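What follows is a set of notes on a single structure, which appears directly below.
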Protein chains: 2
Amino acid sequence: MENTRELFQIMTRRFGLLNKNCCSVGGCDISLTQSHLLYEIDVQHNPSMQQIAETLGTDITTFSRQIQSLIKMNLVRKMPDPTDRRVFTLSLTTEGKMIATMIDQQMNDYLEEVFSFMTEFEKESVLRSVQILNEAMGKSSRCCAPVKG
Amino acid sequence: MENTRELFQIMTRRFGLLNKNCCSVGGCDISLTQSHLLYEIDVQHNPSMQQIAETLGTDITTFSRQIQSLIKMNLVRKMPDPTDRRVFTLSLTTEGKMIATMIDQQMNDYLEEVFSFMTEFEKESVLRSVQILNEAMGKSSRCCAPVKG
DNA sequence: TTATATATTTGCATTATACAACTATTAAAT
DNA sequence: ATTTAATAGTTGTATAATGCAAATATATAA
């Protein structure tokens with residue numbers, strides 16, 4: 001009775017709920033979207049606006065405003081690229097880095113709790129599977145290459 | 001370098017993108033949220049408004065309006081519960097059922113494509129892992145029990 | 001039979017989102 | 001070199017999504 005889509009539907013919904021809860025840290029109220037921005041800016045090395053917007057599949061105009069509010073919150077810095085004056089590169093401020101780390105920590109804590117209901121063997125298998133899944137989705141032409149409306 | 005959170009972050013983002021693309025079927029333009037509503041109404045047996053709203057972690061007032069628009073699109077039916085006149089039970093119309101089935105089919109197609117990049121063994125392992133993950137998240141006190149703001 | 005709790009809806013305000021049009025800058029074409 | 005085309009980003013405007021507060025209707029408890 002449980003088809004493949006059902007399995008993944010439930011999983012993504014649960015992660016959605018998890019994420020919803022996990023982003024308010026240290027008095028700073030971060031939305032789910034914002035936490036994804038912080039995460040991605042942290043991971044990539046001085047990315048441009050376009051880069052992050054594309055990674056996240058967000059319209060650049062929406063993204064521009066999202067960044068504006070993160071700058072206002074003093075979590076993100078926007079620097080003009082010296083080699084191309086059209087481009088701005090993004091980075092986290094000290095405070096932004098701190099918040100990103102806290103969210104990361106909190107998510108890992110949550111995941112640890114989830115893993116506590118598994119055997120060590122199951123945990124390894126799940127981690128490995130997520131990795132495999134990510135790679136496969138990376139190869140797919142349909143995932144991760146957001147087709148604009 | 002790839003910590004646990006990172007793995008899951010990437011996975012959920014990719015699924016988010018996948019979902020974004022997969023919900024416009026048969027000329028009918030369904031949003032991601034709406035597809036989740038259709039799915040859940042389909043799965044549960046004549047659920048009440050509250051039931052679905054709670055499952056999805058959506059505020060009941062938002063949900064009320066979401067249902068209103070699905071009714072206007074003739075995808076969902078709302079019937080007064082004979083045993084408790086405060087309650088309305090939800091069900092899919094024939095058309096709603098059709099759309100839900102088409103989305104389900106499309107998602108399964110996408111997933112099949114993703115699986116095509118794996119060995120049969122890996123696929124089995126991934127499916128099993130998602131199942132384990134869902135069960136574990138179900139047991140967690142933090143997932144799936146959306147704590148309101 | 002009054003008080004309290006539950007299910008749902010509407011008023012209102014806020015936020016998120018995206019398309020179109022704009023500016024500024026760079027790269028390509030001739 | 002100079003016009004043309006492409007790229008990066010911002011702002012105007014409109015629309016949709018969301019949620020809190022308050023209201024209505026019904027059910028349950030005191």
Side-chain angles (χ1 to χ4, degrees), chain A residues 13 16-17 19-21 23-24 28-38 40-41 44 46-73 76-91 146-149, chain B residues 13 16-17 19-21 23-24 28-38 41 44 46-73 75-91 146-149:
Chain A
R13 191 174 58 232
L17 293 174
N19 275 301
K20 237 186 200 171
N21 296 339
C23 301
S24 302
C28 206
D29 225 28
I30 305 288
S31 79
L32 178 55
T33 313
Q34 289 175 330
S35 87
H36 276 262
L37 293 203
L38 293 181
E40 210 52 47
I41 293 173
Q44 295 186 28
N46 283 36
S48 71
M49 305 267 295
Q50 292 283 349
Q51 259 173 287
I52 303 285
E54 204 183 314
T55 306
L56 299 175
T58 310
D59 187 275
I60 184 70
T61 68
T62 303
F63 186 76
S64 173
R65 278 180 253 252
Q66 286 169 344
I67 288 296
Q68 279 167 36
S69 67
L70 285 174
I71 289 174
K72 225 173 271 160
M73 294 165 82
V76 168
R77 218 178 356 240
K78 208 177 76 180
M79 307 277 268
D81 183 328
T83 70
D84 185 338
R85 285 197 294 176
R86 290 170 302 180
V87 176
F88 289 87
T89 59
L90 302 172
S91 55
V147 181
K148 299 289 280 303
Chain B
R13 191 175 59 234
L17 292 174
N19 275 302
K20 238 186 199 171
N21 296 339
C23 302
S24 302
C28 206
D29 225 28
I30 305 288
S31 79
L32 179 56
T33 313
Q34 289 175 331
S35 87
H36 275 264
L37 292 202
L38 292 181
I41 293 173
Q44 294 187 30
N46 282 36
S48 72
M49 305 268 295
Q50 291 283 349
Q51 256 171 292
I52 303 284
E54 204 185 312
T55 307
L56 298 174
T58 311
D59 187 274
I60 184 70
T61 69
T62 302
F63 186 76
S64 173
R65 278 179 256 254
Q66 285 169 344
I67 289 296
Q68 279 167 35
S69 65
L70 286 175
I71 289 174
K72 228 174 266 162
M73 295 164 81
L75 301 178
V76 167
R77 220 183 347 244
K78 209 177 75 176
M79 307 276 269
D81 183 328
T83 69
D84 185 337
R85 284 195 296 175
R86 291 170 302 179
V87 176
F88 288 87
T89 58
L90 302 171
S91 55
V147 181
K148 297 291 278 299

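Below, read A as the first sequence line, B as the second, and so on, with proteins coming before strands; counting in each chain starts at 1. This one's a predicted model, so the numbers in the text were calculated from it and none came from an experiment.
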### Query
Tell me, do M49(B) and F63(B) make a side-chain contact under 4.5 Å, heavy atoms counted?
yes
### Query
Can you tell me if the side-chain N/O atoms of Q34(A) get under 4.0 Å from OP1 or OP2 in dA16(C)?
no
### Query
side chain to side chain donor-acceptor pair (under 3.5 Å) with D81(A): which residues, sequence neighbours excluded?
T83(A)
### Message
Between C1' on dA7(C) and CD1 on I52(B), what's the gap in Å once rounded to a whole number?
### Response
15 Å
### Task
Figure out the CE/P separation between M79(B) and dT8(C), and round it to whole Å.
15 Å
### Query
S64(A) side chain: which of dC20(D), dT8(C), dT10(D) is closest?
dT10(D)
### Message
At less than 4.0 Å, is any side-chain N or O atom of Q68(A) found next to OP1 or OP2 of dT11(D)? Yes or no.
### Response
yes
### Query
Quick one: does I52(B)'s side chain get under 4.5 Å of Q44(B)'s, heavy atoms only?
yes
### Query
Looking at the side chain of T61(B), which of dT9(C), dT17(C), dA20(C) is the nearest nucleotide?
dT9(C)
### Query
Taking protein heavy atoms under 4.0 Å as touching, what does nucleotides 25-30 of chain D look like 5' to 3' if B marks base contact, S marks sugar-phosphate-only contact and - marks none?
-BS---
### Task
Starting from C1' on dT8(C), measure out to CD1 on I71(B) and report it in whole angstrom.
12 Å
### Message
Quick one, K78(B) and Q68(B) - any side-chain contact, counting heavy atoms below 4.5 Å?
### Response
no
### Task
Would you check if there is a donor-acceptor pair between the side chains of Q51(A) and T89(A) at a distance under 3.5 Å?
no
### Task
Round to the nearest Å and state the distance from I60(A) atom CD1 to dA21(C) atom P.
19 Å
### Task
Rounded to the nearest 0.5 Å, what's the gap from CG on L37(B) to OG on S69(B)? Could you check?
8.0 Å
### Summary
To the nearest angstrom, the CG-P distance between L56(A) and dA18(C) comes to 12 Å
### Message
Once rounded to the nearest 0.5 Å, what's the spacing between atom CG of L56(B) and atom CD of Q66(B)?
### Response
8.0 Å
### Query
Is any side-chain nitrogen or oxygen of Q66(A) closer than 4.0 Å to OP1 or OP2 of dT15(C)?
no
### Message
Rounding to an integer number of Å, can you tell me how far R65(B) CZ sits from dT14(C) C1'?
### Response
13 Å
### Message
Measuring from the side chain of D59(A) (C-beta onward, heavy atoms only), which nucleotide among dC19(C), dA8(D), dT10(C) has the closest atom?
### Response
dC19(C)
#### Entry: Whole-Å distance separating the NZ atom of K72(A) from the C1' atom of dT15(C)
13 Å
### Message
Please determine whether a side-chain nitrogen or oxygen atom of T62(A) lies at a distance below 4.0 Å from atom OP1 or OP2 of dA18(C).
### Response
yes
### Task
Please work out if F63(A) contacts a base, only the sugar-phosphate, or nothing of the nucleic acid, heavy-atom cut-off 4.0 Å.
nothing
### Task
Please report, rounded to the nearest Å, how far the P atom of dT6(C) is from the CD atom of Q51(B).
16 Å
